[in-house]
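For reference, the structure discussed in these notes is given below.
Letters go in sequence order (proteins before strands), and every chain restarts at 1. FYI, side chains are in, hydrogens and waters are out, and symmetry mates aren't considered; it's all heavy atoms of this structure.
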Amino acid sequence: MFLKFYEHGLTYKKEAAVNWCPSCHTVLANEQVVDGHCERCETMVEKKKLSQWFFKITDYAQRLLDDLENMPGWPDKVKIMQQNWIGRSEGCQFELKIEGHDEVLTVFTTRPDTIFGVTYMVLAPEHPLVETISQGTAQEKAVQDFVHRMAFVSDVSRTSTETKKEGVFTGAYAINPMNDERIPIWIADYVLMDYGTGAIMAVPAHDQRDFEFARQYQLPIRVVIKGEDTPEDGELLTEAYEGDGVMINSGRYNGLSVEEGKQQISAAIKQMGIGENTVNYRLRDWLISRQRYWGAPIPIIYCDDCGIVPVPYDKLPVHLPEDIEFKPSRESPLNYVKEFYETSCPQCGKPAHRETDTMDTFVCSSWYFARYCSPHSSDLPFTREAVDYWMPVDQYIGGVEHAILHLMYSRFFVKFLKDINMLSCDEPFTNLLTQGMVLKDGAKMSKSKGNTVSPEEIIERYGADTARLFILFAAPPERDLEWNEQGVEGCFRFLNRIWKMVSTCADLIVDVELPADPGAYKELDPAAKKLRFKTHATIKKVSEDLEGRFSFNTAISFIMELSNTINAYLNEKELDLPVLKEAVETMITLLNPFAPHISEELWAMIGHSDILYHQPWPQWDENALVQDEIEMAVQISGKVRDHMTIPVNTPKEEVEALALALPRIQELTKDKKIVKIIVVPDKLVNIVAK
RNA sequence: GCCGGUGUGUCGGAAUUGGCAGACGAGACGGACUCAAAAUCCGUUGUCCGCAAGGACGUGUGGGUUCGAGUCCCACCACCGGCACCA
């Protein structure tokens, strides 16, 4: 995989200030840094300049974004998180001349309409022009000090909105291409080198960050967009005005709206040949090097003569040495394994050395599902035929914590694999369910918090069926679930009740033959008919809840209801044994996915010698769901006042008449005028009376 | 700050399309069984008024649409999650 990306120019090595976790002793991708802390061990990450391997995921930014539109099977939450992470923004990139220098300064802005409001420029401290333009000015020393200091400030504190912005004048000036004004060039911590061009035009009147900086360093603030009640004098502003309005102080563009201004000024910039409309993404390339032992080796050899040489395909895979020693330095032990490290150059044959960094484990998890489709393929990672048959995955289940890690990396991989013709789907996972976590005392179970519940203990005490039943019953799958001992107890009791109930009636039904033709159930006494209705209503509800809805908790509650109904039926004087048997069998069968062990036992107990798991899922009989009579609610002006039991499909007029004839309704409406009557067939009737 | 999501009894949660809110489970209370306890079984359990029949109120708050709103619309509050100096 790595070589494929490499061949297509999507893998590159570059020196950059990267995220370094001092505790894990490795670098991390942007996605693995949460609030400035390491995703794994929560240590504060540092910045370190290192030469590292990257995957060019940014080349796929637009497609990763666009295709989210066609993924109805994914939760919006996850799609929005990916959208934000990719962070597309449209704007205009253009060049400015620097007074007294040949170099030009390139900036990116989403607000070209505010170009007449530029009162200073800002470069990131790491910007390559910083040294050149400050050289020989009175500011040179101050600039050097500032740049030096910034190199040691962590990204977290630098990019925090809380910390005060800091900057220093470079001594140089740029020329505003629209009005030839001289604009001082500053450097400041609030501009980031790795976004856009690392340089901005500052418009303090219409950008809050620029506004704060300008106020702090007494830089001028010029209003160029007039909102409804905003002052025209920048000195009177209390905060930047970022809303819509009419352009002012902008020469021949005065009077235009923000939208018109954006278009016309970027058109002018393009015409002048100094810039064009561009799109920027917040998404950065994926840093995949790791200084860990565990991980796929990066198949690269460094040769003094040939440089970077990929390991040839016939020498793959590169195996990790197993005879290794972990040193307390926590450096990757691969650096000390000569047999691994030392090798020869595949091109010239001279002694060379291997890359000792390994790949981020997310690389491997980005395509394992394709490998799963053809696990036995030995010469290829997977065969085209197998992936085309199985992929994409119909239903994927995982935690939300992977929303912008695994789930985006995998999408990137699949798109690339499609591009190089290794598979033919656009997306890896058609439907996604983000399941919740199991919590104890309101927190994620973890050893360090000491709030774990050991599965062995639960299984020992209640059995695996109870544990499974509780987990599925306590909350819908996408929600977090609080582990509750009493709830577990409740599920255990439920299974015990069923066991007892089936035990007591097994003798009654064990030899009963169920009629093959459902028509045989026609003549039933009311109690039996009710039970049969419940049986089939339960089949329907449980089937519907499992299919697509994944509503396991409600499915289980319906089975509990059926069990309660059967239990009540057993008190009847006359039992209809086929109906009873059908109900009991159905209950056991529906319970099978949730409590496989006990349901198999019960299945055997009522006389079956085959395995329940092999039985087909029960089908409901629509005829059993047809009721003769139905209870309707009778409302007066939206409030339920009475009920009546009437035949189903009673015509509207009759329902109205019956409702009005009820003594209670007569009583309550006798002094009132009936305005109108609404009948919802077989549900309720609402009499509007004044 | 921006963008999402959620808000229902004592608790976990139902209510799938605007149609009887609180299914199912837990907890609590009362009763049966027991010398007693546990387990089990039966009953009650949204709040308030009432001996009762019944009534009033009730899905975060305030308003709106509708014969009818937990569900739709507007504003606000609280909590959770994501992003956060991205120009």
Minimum side-chain heavy-atom gap V258(A)-R111(A) below 4.5 Å: yes
G70(B) versus C20(B) - spacing of their P atoms, nearest Å: 10 Å
Quiz item: N84(A) side-chain donor-acceptor pair to C83(B) base, under 3.5 Å: no
Side chain to side chain donor-acceptor pair (under 3.5 Å) assessment of W286(A) paired with E31(A): CA-CA 8 Å; W286(A) 176 13; E31(A) 289 79 10; 5.4 Å; no
Length of the line joining D545(A):CG and U16(B):C1', which is rounded to integer Å: 8 Å
Integer angstrom distance from the C1' of G19(B) to that of A32(B): 42 Å
Protein-nucleotide distance (Q82(A), atom CD; G4(B), atom C1'), rounded to Å: 14 Å
Neighbour count above 12 (heavy atom, 6.0 Å) for E622(A) CD: yes
Nucleotide forming a Watson-Crick or wobble pair with G70(B), both distances under 3.5 Å: none
Sugar-phosphate only, base, or nothing, as touched by S551(A) at under 4.0 Å among non-hydrogen atoms: nothing
Between G7(B) and U17(B) - P atom distance, rounded Å: 15 Å
base_contact_polar (C67(B) base, K676(A) side chain, donor-acceptor, <3.5 Å): no
Between A15(B) (P) and K683(A) (NZ): distance, integer Å: 14 Å
U61(B) pairs with, by Watson-Crick or G-U criteria that keep both distances under 3.5 Å: A75(B)
Check: A240(A) main-chain N/O paired with D207(A) side-chain donor or acceptor under 3.5 Å: no
Check: Y120(A) ring centre within less than 6.0 Å of F213(A) ring centre: yes
Side chain of Y190(A) (C-beta onward), nearest among G13(B), U40(B), C85(B): C85(B)
Separation of the P atoms in G22(B) and G46(B), to the nearest angstrom: 10 Å
Gap separating the CZ atom of F533(A) from the OG1 atom of T538(A), nearest 0.5 angstrom: 9.0 Å
Sugar-phosphate only, base, or nothing, as touched by E482(A) at under 4.0 Å among non-hydrogen atoms: nothing
Minimum-distance nucleotide (side-chain atoms of M81(A) versus C67(B), G82(B), C24(B)): G82(B)
A633(A), nearest nucleotide to its side chain (from U40(B), G13(B), C20(B)): C20(B)
Sugar-phosphate, base or nothing in reach of Q208(A), heavy atoms under 4.0 Å: nothing
d(CG, N553(A); C1', G12(B)) in whole Å: 10 Å
Length of the line joining L684(A):CG and G68(B):P, which is rounded to integer Å: 13 Å
R641(A) side-chain N/O to G55(B) phosphate OP1/OP2 under 4.0 Å: yes
CD/Q666(A): more than 12 non-hydrogen atoms of other groups inside 6.0 Å: yes
Interatomic distance where CZ belongs to F473(A) and C1' belongs to C24(B) [whole Å]: 5 Å
Nearest-angstrom distance, C1' atom, U61(B) to U10(B): 23 Å
Any N564(A) side-chain nitrogen or oxygen under 4.0 Å from OP1 or OP2 of G25(B): yes
Below 4.0 Å: OP1/OP2 of G13(B) and any side-chain N or O of R479(A): yes
Sugar-phosphate only, base, or nothing, as touched by Q83(A) at under 4.0 Å among non-hydrogen atoms: nothing
Any T554(A) side-chain N or O less than 4.0 Å from OP1/OP2 of A23(B): no
5′-ward residue of the pair F108(A)/G638(A) relative to RNA chain B: G638(A)
Pairwise P distance for G4(B) and C73(B), with rounding to whole Å: 14 Å
Carboxylate-amine/guanidinium contact E561(A) K541(A), below 4.0 Å: no
Sugar-phosphate only, base, or nothing, as touched by G196(A) at under 4.0 Å among non-hydrogen atoms: nothing
Whole-angstrom distance between G12(B) and C49(B), as gauged at atom P: 26 Å
d(NZ, K639(A); C1', C57(B)) in whole Å: 9 Å
Residue R549(A), side-chain heavy atoms: nucleotide from U16(B), A87(B), U40(B) that is nearest: U16(B)
Side chain of R497(A) - closest among G13(B), A87(B), C41(B): C41(B)
Whether H406(A) and H402(A) hold their rings parallel, tilted or perpendicular, with breakpoints at 30° and 60°: perpendicular
Nucleotide paired to G50(B) in any strand shown, Watson-Crick or G-U, under 3.5 Å: none
Heavy-atom closest pair, residues V685(A) and V655(A): CB-CG1, 4.2 Å
For A38(B), the Watson-Crick or wobble partner whose two distances fall under 3.5 Å: none
Strand-adjacent residues in residues 401-408 of chain A, judged by heavy atoms under 4.0 Å from RNA chain B: I404(A)
Rounded distance (Å) that lies between atom P of G68(B) and atom CD1 of I636(A): 15 Å
Partner nucleotide, any strand, of G27(B) [Watson-Crick/G-U, under 3.5 Å]: U45(B)
Contact under 4.0 Å: R664(A) side-chain N or O vs G55(B) OP1/OP2: yes
K77(A) side-chain proximity, nearest of G81(B), A26(B), C67(B): G81(B)
U44(B) and G63(B), which share atom name C1', separated by this distance in whole Å: 39 Å
Residues R222(A), E181(A); criterion salt bridge (Lys or Arg N to Asp or Glu O under 4.0 Å); working and verdict: CA-CA 13 Å; R222(A) 187 193 298 153; E181(A) 261 183 79; 2.8 Å; yes
Side chain of F558(A) - closest among A87(B), A84(B), U16(B): U16(B)
Anti/syn call for G9(B), syn if |chi| within 90°: syn
